[in-house]
Structure formats: C-alpha cells, structure tokens
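A short write-up of the structure that comes next.
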Amino acid sequence: MTGLRERKKRQTRQAIAEAAMRLFAERGFEAVTVNEIAEAAGVAKVTLFTYFPTKESLVLDAVADDDVAKAVAERRPGQSPLDALREHYRTFTADPGDMEPEALVTMMRVIFESPTLVAGVNQIQYGERVALTHALMGTGERQADDPSADLTARLMAAQISAATLTLKETFFNRLASGTPLSEAGRELMEDLELAFDLLERGFGDRFTR
C-alpha cells in the first residue's frame, strides 16, 4: 500500500506540474491563476498547495535541485572541491535521467519570459553561491589563519557559479536550436571538461584539499 500511495502522489504531482507548464507556455506565467491550474489538473486548490506551496514553485522546484555545496562538503577525503564538482557534473551529464528536451526548452522559455521567475532563479543562484562559499570556507587547514580566505572563497564560488551557468545556458540554447539531446549532451561533456580545466588553472592550489 505504501508503494501505491507514493506512486499516486508522484502521478498527482506530475499532473499538476504538466498542467501548469502547459498553461504557462500558452499564456505566460503572470497571466495564469492557481485556480486555473488546479482545475486543469483536476485537483482541488488545497491539493495543489500540498505539492507546490507557491505558484513560483511550480516552475522553480525543478531549478533548485542542484546542491553543489553538498558535493563539496561531502567529497571524499583528499579530493579537492573542484574535483568533487567536476565529478558531480560529470555524473549528471552522463546520465540525464528521463529528461525530455521539448519540456526542458518550454520550461526555460517560460522562465525567461517572466520577470517574476527570472528574479526567482536569480535568488536561487545567489543562495547556491553563498552555500558554496561556506562549503569552500570549510576546506583545508590554512584558511583559518588566512585573512583573505573569505574573499578567496567568495571569488571562487562566483567563478564556479558563472562557469556552470554558462554551461547550462549553452546546453539549453543548443536544444532550443534543434540539436538532438544525444549530441547536445556529448558537447556539454566536452564543455564541462574545458570549463573545469580553466578553473583549475586559474585557482592553482588554493583550497585544493
């Protein structure tokens, strides 16, 4: 019974998210009401809010699932933060799961066309950068006595965030232009290695362990 309930919950959540994205793509995020989404998904408004606490979360929950700070904080002993992050993104790139290119492109267009969602994405990215800074500050032994460690960690987090954001934007643009997912994924893997090679050369031995 537990497995059946969990499957039903996943199906309900997916139905709500798909109905919302369909309406957002047709009319724009700001023009669609929560009541309309609930009606289109065939659920009560209170049920919708059980799965998605805000209208913005209907879209942004899918954006806020990349915990890079955790990848750094829980890396293997002796592994550098950059190596941990390279491995983290390699894993995702090699196995994108059940990603549907058309759905992904639609979601990105809905976000880019909505000032509310763009602001939400910026807030998520800022939070991820702050968390990554804290994770970097927790690395190594010499940082505690280094007065520039805080600035160094913030600069590194900013460069890592900018690099990974550029990789994602390039990947999305390729999909939007009609590049097949397999080809876009292969090119993303090559871009990933280039980005982290450049980051490693720029950071040198700072926060290496």
Side-chain angles (χ1 to χ4, degrees), residues 54 56-57 59-97 99 104 107-176 184-209:
T54 65
E56 289 78 8
S57 67
V59 180
L60 298 183
D61 272 8
V63 178
D65 62 353
D66 187 16
D67 196 345
V68 293
K70 182 178 180 181
V72 170
E74 298 183 359
R75 70 193 184 283
R76 297 187 302 276
Q79 185 180 37
S80 73
L82 275 181
D83 283 344
L85 288 172
R86 189 195 289 257
E87 184 178 284
H88 170 77
Y89 283 110
R90 276 176 176 168
T91 300
F92 171 78
T93 304
D95 182 18
M99 179 189 300
L104 182 58
M107 181 183 72
M108 297 313 300
R109 284 175 175 162
V110 167
I111 291 174
F112 291 150
E113 292 172 0
S114 166
T116 300
L117 293 177
V118 169
V121 169
N122 289 338
Q123 187 63 35
I124 290 170
Q125 291 171 345
Y126 174 75
E128 290 176 347
R129 191 167 71 249
V130 170
L132 179 57
T133 299
H134 292 321
L136 290 169
M137 283 294 293
T139 66
E141 299 178 355
R142 61 196 174 112
Q143 279 81 276
D145 299 322
D146 183 358
S148 66
D150 177 71
L151 177 60
T152 300
R154 286 190 284 122
L155 288 171
M156 287 178 64
Q159 291 179 58
I160 292 168
S161 297
T164 55
L165 176 60
T166 300
L167 293 178
K168 292 174 184 177
E169 289 176 343
T170 302
F171 176 67
F172 294 145
N173 288 336
R174 285 175 180 146
L175 290 180
R186 185 168 55 253
E187 292 177 335
L188 175 59
M189 184 67 81
E190 295 174 356
D191 295 343
L192 171 67
E193 299 302 330
L194 172 61
F196 276 88
D197 285 348
L198 292 172
L199 288 171
E200 284 186 348
R201 285 198 284 270
F203 293 161
D205 63 353
R206 292 179 182 272
F207 296 100
T208 54
R209 293 290 182 271

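Here, residue 1 is the first one in the sequence, and each next residue gets the next number.
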### Task
Start with the C-alpha gap between Leu175 and Leu104, add the side-chain angles, then the distance that decides, and say whether side chain to side chain contact (heavy atoms under 4.5 Å, CB included) holds.
CA-CA 9 Å; Leu175 290 180; Leu104 182 58; 3.7 Å; yes
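- Taken to the nearest 0.5 Å, the CD atom of Glu169 stands 6.0 Å off from the CZ atom of Phe112.
- Between Asp197 and Arg86, at least one side-chain N (NZ, or NE/NH1/NH2) sits under 4.0 Å from a carboxylate O, which counts as a salt bridge.
- Arg154 contributes atom CZ, which lies 12.5 Å from atom CG of Leu136 (distance to the nearest 0.5 angstrom).
- Put simply, the side chain of Ile124 reaches to within 4.5 Å of the side chain of Leu60, judged on heavy atoms.
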- Task: Give the C-alpha distance, both sets of side-chain angles, the deciding distance and a yes or no for side chain to side chain contact (heavy atoms under 4.5 Å, CB included) between Arg129 and Leu132.
- Result: CA-CA 5 Å; Arg129 191 167 71 249; Leu132 179 57; 5.6 Å; no
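- Looking at Ser114, its side chain never comes within 3.5 Å of a backbone N or O of Ile111 through a donor-acceptor pair.
- Within the 4.5 Å cutoff, side-chain heavy atoms of Arg174 are placed close to those of Asp191.
- Applying the salt bridge (Lys or Arg N to Asp or Glu O under 4.0 Å) test to Lys70 and every residue at least two apart in sequence or in another chain returns nothing.
- Side chains of Leu82 and Ile160 form a contact here, defined as non-hydrogen atoms less than 4.5 Å apart.
- One distance of note links CZ of Phe171 with CE of Met108; it measures 11.0 Å at 0.5 Å rounding.
- Closest heavy-atom contact between Ala135 and Ala73: CB-N, 4.5 Å.
- A donor-acceptor pair is defined here as one N or O able to donate and one able to accept, closer than 3.5 Å; such a pair exists between the side chain of Arg75 and the backbone of Val72.
- For Gly185 against Thr93, the heavy-atom pair with the smallest separation is O-CG2, 3.7 Å.
- In terms of heavy-atom proximity, Ala84 sits nearest to Ala71 at CB-O, 3.6 Å.
- Using a 4.5 Å cut-off on side-chain heavy atoms (C-beta onward), Val121 and Gln125 make contact.
- Residues Glu193 and Arg90 have side chains in contact (heavy-atom distance under 4.5 Å, counting atoms from C-beta outward).
- Once rounded to the nearest 0.5 Å, the distance linking CG of Asp61 with OG1 of Thr54 reads 7.0 Å.
- No side-chain heavy atom of Glu56 sits under 4.5 Å from any side-chain heavy atom of Gln123.
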